[in-house]
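As the structure is a computational prediction, the values presented were derived from the model and not from experiment. Whatever order the structure lists them in is the order used to number ligands and atoms, beginning at 1.
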Amino acid sequence: MAAYRYGTGLPQVAYFCMEYGLTAALPVYSGGLGILAGDYIKAAEDLGRPLVAIGILWRQGYTEQLIDPTGYPHDTFVNYDCSGLKDTGVTVPVRVRGEDVTCKVWLCDRYGNAPLFLLDAGYPGSPHAWMTGRLYGGSRQDRVAAEMILGIGGVRALRALGIDADVYHFNEGHSAFAGLELIREKMNGGLVFEQAWQETRREIVFTTHTPVAAGNEVHDHASLQEMGANNGLTYDQMRLLGGDPFSMTVAALRLAYMANGVSKLHGRTVHRMWGQLDGVPLIFSITNGVHPGTWQDARIKQAFETKGDLWAIHMDNKRRLLRYIKDRKLGNLSPDSLLIGFARRAADYKRGDLIFRSPDVIEPYLATGKIQIVFSSKAHPQDELGKQIIANLVKYGRRYPHSVVFIENYNMDIARLMVQGCDLWLNNPRRPQEASGTSGMKAAMNGVLNLSVEDGWVGEGVQHGINGWLLNFHPGEALSPGKQDEKDLQSLYKVLLQEVVPIYYNNRKHWVEMMTLSIDMSRWQFSAHRMCREYYDLMYTPVANNNKNLSLQTV
Ligand SMILES: *Cc1c(COP(=O)(O)O)cnc(C)c1O
């Protein structure tokens, strides 16, 4: 066992994820999952933790989504510049649908002890470029091909690079096929399937992010066999792992020694969804966090620590965001009026346009500019409903250019500007659908106050009227979506108009106190450093120690 790298006394971890959001210039991410994985790498670097990350070099990223002249989002796909990556010279074969696919392995070595290796079937001359072309693009078979490259190819890349891992961390079910490769290796070494599975389970931990059962990816066994994703396992063996149809989440759970959800609330939801299934391991929760060095303005941090002038620095960040908006001719907002930020995936349940639904109530505030809102978002290229939400936001921006703005092509740079430059961060999804959510943590660390539903991480940190505001939304079970929206809208207006707006305009001192408490609440509890320590302490170390003890016993 090749444990305990770099003299740290800590297990070497191989971290698998479909996407990584490290910088806007390397757009191999679509949203929250990728940003989380990117922040995790950075936290592991800061803390000197031995981590190797495995992902895919999406040659065309996710989508560059621009608003066309009619106000509708339009996807473009460009081959971006990936010349900053290093060619390891290593290639690995993965057999996909009867063809041998040769993947190159690239290295992003900016993060010291936490290097990121990216597998690529899209280099010039490759006949299989489609497999790693667009993140979450294409057909179901494209998705399976990419997951095979990530999982099966990822394990092979580690072997080819000579990297031994004590623990394999699957961040979301996309990497479940890595478990099949770990099983196959052991079967090639002479173990029967059951033994190989049990041994493999002692090496894997799994983080699930999906809060609704229907959101979990399933595949039919025939198509997995056709693609070769079963990796030599029989139908019966595959069914034991993932059920029928084959669920990536269930398979990852049954391949893991421990599993977790990404907030306390979500941990309980995961337990409810999967806890009763056979062969599912211990499930608990490790709440997500964000990388302070990436998201928190250094001057805000300093002002907090030295009791400096938070408001002055906040206003500076706000003006920077407003200048960005003005320079791009997206609108002309005032630094002296309340600025609400809303930047999220354009999914129906997130209800980006909820705030507009009672025009009689909200439009007078927009007309006078007393409430300003800046939005940014992308919809999945195949999600027409999401695109209609964006088109609706754009429409409001055109109607109220002095109080509503939509920034196209949401990415990490825009996110940073917004979570530092808004006054208030709005989050109003239908409940319970948010596993964690992280943009509100970024906002909180910058003294941007959360106005949020108590879903995901929020209930662990936000206290109403103290360091932000909670929306007393009614859980969906008993109410139809339409009824729920109606009730939620009333409670949104009530808190916004009767609590937030008066404090903002009439009691600046109180507002700044709340900013201070927001930073204090978030800076450690919702940092990726706290999260990274918890993964090492609560998951990786127990797994590695367990294996060490067992192998000592069997010597
Ligand atoms: C932080 C971030 C997200 C995730 O935010 P949520 O609150 O989970 O929606 C998505 N995209 C970008 C670019 C981000 O920076």
Side-chain angles (χ1 to χ4, degrees), residues 17-43 61-65 135-136 171-172 207 209-211 215 261-263 265-266 287-297 321 340-352 374-380 386 389-390 407-422 424-446 448 450-462 468 522 526-528 531:
C17 190
M18 195 71 145
E19 48 170 308
Y20 290 91
L22 288 160
T23 68
L26 182 63
V28 293
Y29 66 91
S30 83
L33 179 70
I35 306 293
L36 180 80
D39 280 6
Y40 196 64
I41 288 178
K42 294 171 188 172
Y62 177 55
T63 167
E64 297 287 310
Q65 193 169 72
L135 173 59
Y136 306 134
N171 192 38
E172 191 55 313
T207 303
H209 295 259
T210 320
V262 291
S263 66
L265 196 62
H266 179 237
T287 301
N288 283 344
V290 298
H291 183 245
T294 301
W295 301 108
Q296 188 182 39
D297 180 54
L321 171 61
I340 302 178
F342 188 104
R344 298 164 194 284
R345 205 152 48 80
D348 181 47
Y349 81 88
K350 298 214 184 208
R351 299 189 296 190
V374 53
F375 294 94
S376 190
S377 181
K378 277 181 185 172
H380 185 279
I389 293 172
I390 290 182
I407 304 178
E408 66 187 357
N409 208 27
Y410 184 43
N411 66 17
M412 287 182 72
D413 288 340
I414 295 167
R416 190 181 299 104
L417 274 170
M418 286 181 64
V419 298
Q420 295 181 354
C422 294
L424 186 75
W425 199 251
L426 177 63
N427 179 37
N428 54 216
R430 282 191 205 107
R431 214 162 51 127
Q433 302 217 19
E434 207 65 85
S436 164
T438 53
S439 60
M441 301 174 182
K442 303 169 194 168
M445 274 183 195
N446 286 292
V448 172
N450 278 275
L451 169 57
S452 178
V453 172
E454 200 173 334
D455 202 6
W457 71 277
V458 175
E460 295 171 46
V462 177
S522 54
F526 298 106
S527 87
M531 165 176 67

Please give the N or O to N or O pairs under 3.5 Å between ligand 1 and the protein, distances rounded to 0.1 Å.
| residue | atom | partner | partner atom | Å |
| --- | --- | --- | --- | --- |
| ligand 1 | 7 (O) | Arg344 | NH1 | 3.3 |
| ligand 1 | 7 (O) | Thr438 | N | 3.3 |
| ligand 1 | 7 (O) | Ser439 | N | 2.9 |
| ligand 1 | 7 (O) | Ser439 | OG | 2.5 |
| ligand 1 | 8 (O) | Thr438 | N | 3.2 |
| ligand 1 | 15 (O) | Lys442 | NZ | 2.6 |

Would you find a donor on one side and an acceptor on the other, under 3.5 Å apart, between the side chain of [X] and the backbone of [Y]?
X	Y	result
Asn446	Trp295	yes
Asp39	Ala528	no
Asn428	Lys350	yes

ask   = How about Asn409 and Lys378: do any of their side-chain heavy atoms sit closer than 4.5 Å?
value = yes
message = Between Arg430 and Asp348, does any side-chain N to carboxylate O distance fall below 4.0 Å?
response = yes
request  = Look at the rings of Phe375 and Phe342 and say which category their plane angle falls in: under 30° parallel, 30 to 60° tilted, over 60° perpendicular.
outcome  =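 Geometry flag for Phe342 against Phe375: tilted rings.
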